[in-house]
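Single-structure report; data block below.
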Amino acid sequence: MYLLLSHSTLLALLYGVEFVLSQTAPSTIINVSSLLPDPRTSVVSSHLTSGVAESTTVPATTSGSLFTTSATLTAVPTTTTVPSSSSSAPFPPVGSIPRDYSPAGLSRLWDLIGPVEVPPITTTVIPQTPVTLPSPPPALYPAFFAVTPKDILPDLKFPKGFLFGVASAAYQVEGAVKDEGKGPSIWDWAGHQPGVVTDNSTADVVDLHYYLYKEDVARIAALGVNSHSFSISWARIFPFGASDSPVNQQGINHYADVIATHLQFNVTPVVTLFHWDVPLALNAYYGGFASPNIVDDFIQFVYLVLSSHGCCIIHCLALKHHSRYTFNEPQVFCANVGVFPFNLSLPNGVNSSNAQFHCSYYLLKAHAGAVKVFREMNISGEIAFKSSDYVGMPWRANNTEDVDAVERHAAFGIGVFADPVYTTGDWPQILKDTLSPDYLPRFTEEDSKEILGTADFFAIDAYRTYWNAAPPEGIDACVSNSSDPLWPSCNLEVMFDFNTGWASGPASDPLTSWLQATPQFLRSSFKEYHRRWPAPRIYYSEFGFAQPFEGVRTPAELFQITEDTDRTNYYMTYLGELLLSIQEDGMPVEGAFAWAIMDNAEWNSGLSARFGIQYVNYSSPTLQRTYKRSAFALSDFFQTHLQKEVAI
Ligand code: BGC
């Protein structure tokens, strides 16, 4: 994400080199030629990451011979990038919009966005014919080169009851943005601001999963996978977000039927209560997650969803074996709060620089309060939040600064939320040593007691694993200089091996330059998660891959789109390693979810970076879905490595 500093400033500061802006990549990419004369011996380059607290990634490309390297410095966060500035994004001063909960008040909120696209379908579609899986594609490679999914580690099986599913999120798939009483969310608004989404697409219609969910669930079931992890849109339930505002019964009825449909198809629903789509009203009223007011509003939203008012939802949520998440990837979400365009709605006393940590503080309180409510309601099943990313490995073995860089990466990444919840009830010490209380509000004893232990399992969205290195000027120099572009996390993420210069794995789409496929590190990553944040169960809550250049292909190239070999290889190698992690390392992993059920609105990359195991033809009036090769591979892998169907 972008930075509060320009790239030129950053690079000049870091390496004193000249650089040119790439014409082809999004505005966040900078190419630096010959920055690394020999990758075996130099630490270099950076890729700026989310907000102020994430680390900086160093992808490297080889040109010509392996050791003639040019580094691509990419300002890409963990998964989401936002331009640092834009022409204009009108947003009224926080608190200036009255809390008018009437239809006129709702229209006024929608006026902040302007006209939205009307979907081609406006009622729930009931499929007329059952969905069946077409014949699988022929083998990808000759058997001497690659085995078919069923022949990968055929003697190893997932444990009984394993949830093997696909994942989605409301904003990214639902569309029908203004239908059936829904209020606007901050991402509905952001997607309409100039310069925020690379290809200027919006999620107004996108997959129209809101009306097509029956077919979508049938298509999941046809694959033979047994679970779907999806999120509920807060603004569909509370259009104005606030706990004292009206509830939208249509929203409740909708999710009740979504859940009932999953049960009908024997697909276990796993619900995320918040996947980054804050009701826009809450940003307008008080600054969203940068304000303490969010805590009660979130808790009340969760209470409503779990209570008798959302009676049909509770029917599902109370199921045995069922798990649910409060928050998706809070570290990525909070890293965005102080960044354009979300920094236009910060409350007094919070600025772009400290917003991330204020958000982290309130979000943890909201999470703890929601879990308390859940537990007091005596609902069976389990609850946690979804962490994201990796711990890291020292880039230069035995280099103490790089060892420290890993600790900083872990502390400023997963540790921000996982330490307080799983191990200490407090921020990682590294954060407290680096950030003053006006940056990072301190927990009271009471806060700590309430937060510690508020997760029944550990969930991790683990797409990749890289190395970490100390900044070129050294960690101490960086930590003591809050103007350092790497401050406060003061570490670099490196995507190529120090000794050999080879990449950690194959690259994904240029728009997702944060992502290389790194199956070889999956087992050590899971061991590290479990060692640092022990929990009785682990869910591998998201993993997936953006097939390079899929987003530029036209519907006429469907035969090339469906042949998503890189994504297929990603899934097969990760799943094989996951089996080994469970069976040989004893990791208590009880579920795995492929991101994503289908192509969708990939935040700032819009429709241009594709993660779906199903293609969506956005030019067709029915938004037709087509299974890609990876979907068949997942289906085959699941059927042949599961011990027994999970009982719902
Ligand atoms: C997020 C998804 C996102 C995916 C790919 C995950 O971190 O939860 O919303 O689309 O990564 O970037």
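Each ligand, and each atom within it, is numbered from 1 in the order the structure gives. Heavy-atom basis, side chains included; hydrogens, waters and symmetry copies ignored. Here, residue 1 is the first one in the sequence, and each next residue gets the next number.
- Contacts of Thr512 with ligand 1, taken as heavy-atom pairs under 4.0 Å, are absent altogether.
- Close contacts between ligand 1 and Glu602 involve ligand atoms 3 (C), 5 (C), 10 (O), 12 (O) [criterion: under 4.0 Å to a heavy atom].
- Side chain of Asn328 to main chain of His275: no donor-acceptor pair is present (N/O by atom type, distance under 3.5 Å, no hydrogens or angles).
- When only interatomic distances are considered, the shortest N/O to N/O separation between Trp603 and ligand 1 falls below 3.5 Å.
- Here Pro519 pairs with Ala517, Thr573, Tyr574, Glu577 under the side chain to side chain contact (heavy atoms under 4.5 Å, CB included) rule; sequence neighbours left out.
- A side chain to side chain donor-acceptor pair (under 3.5 Å) with Glu550 is found for one member of Arg610, Arg567, Gln560 and no other, namely Arg567.
- One option in Tyr463, Trp595, Tyr171 has a heavy atom closer to atom 11 (O) of ligand 1 than any other, and that option is Tyr463.
- Between Trp276 and ligand 1, not a single N/O pair is under 3.5 Å apart.
- Remark: ligand 1 atoms within the under-4.0 Å shell around heavy atoms of Asn328 are 8 (O).
- Look at Arg629 and Asp564 and you find no salt bridge, because none of the NZ, NE, NH1 or NH2 atoms lies under 4.0 Å from a carboxylate O.
- Contacts of Tyr213 classified as side-chain hydrogen bond (donor to acceptor under 3.5 Å, both in side chains), with partners at least two apart in sequence or in another chain: Asp257.
- Within the 4.0 Å heavy-atom criterion, the part of Trp514 lying near ligand 1 is the side chain and not the backbone.
- By the criterion of a heavy-atom distance under 4.0 Å, the side chain of His275, and not its backbone, is placed next to ligand 1.
- Look at Arg537 and Glu382 and you find a salt bridge, because one of the NZ, NE, NH1 or NH2 atoms lies within 4.0 Å of a carboxylate O, short of that distance.
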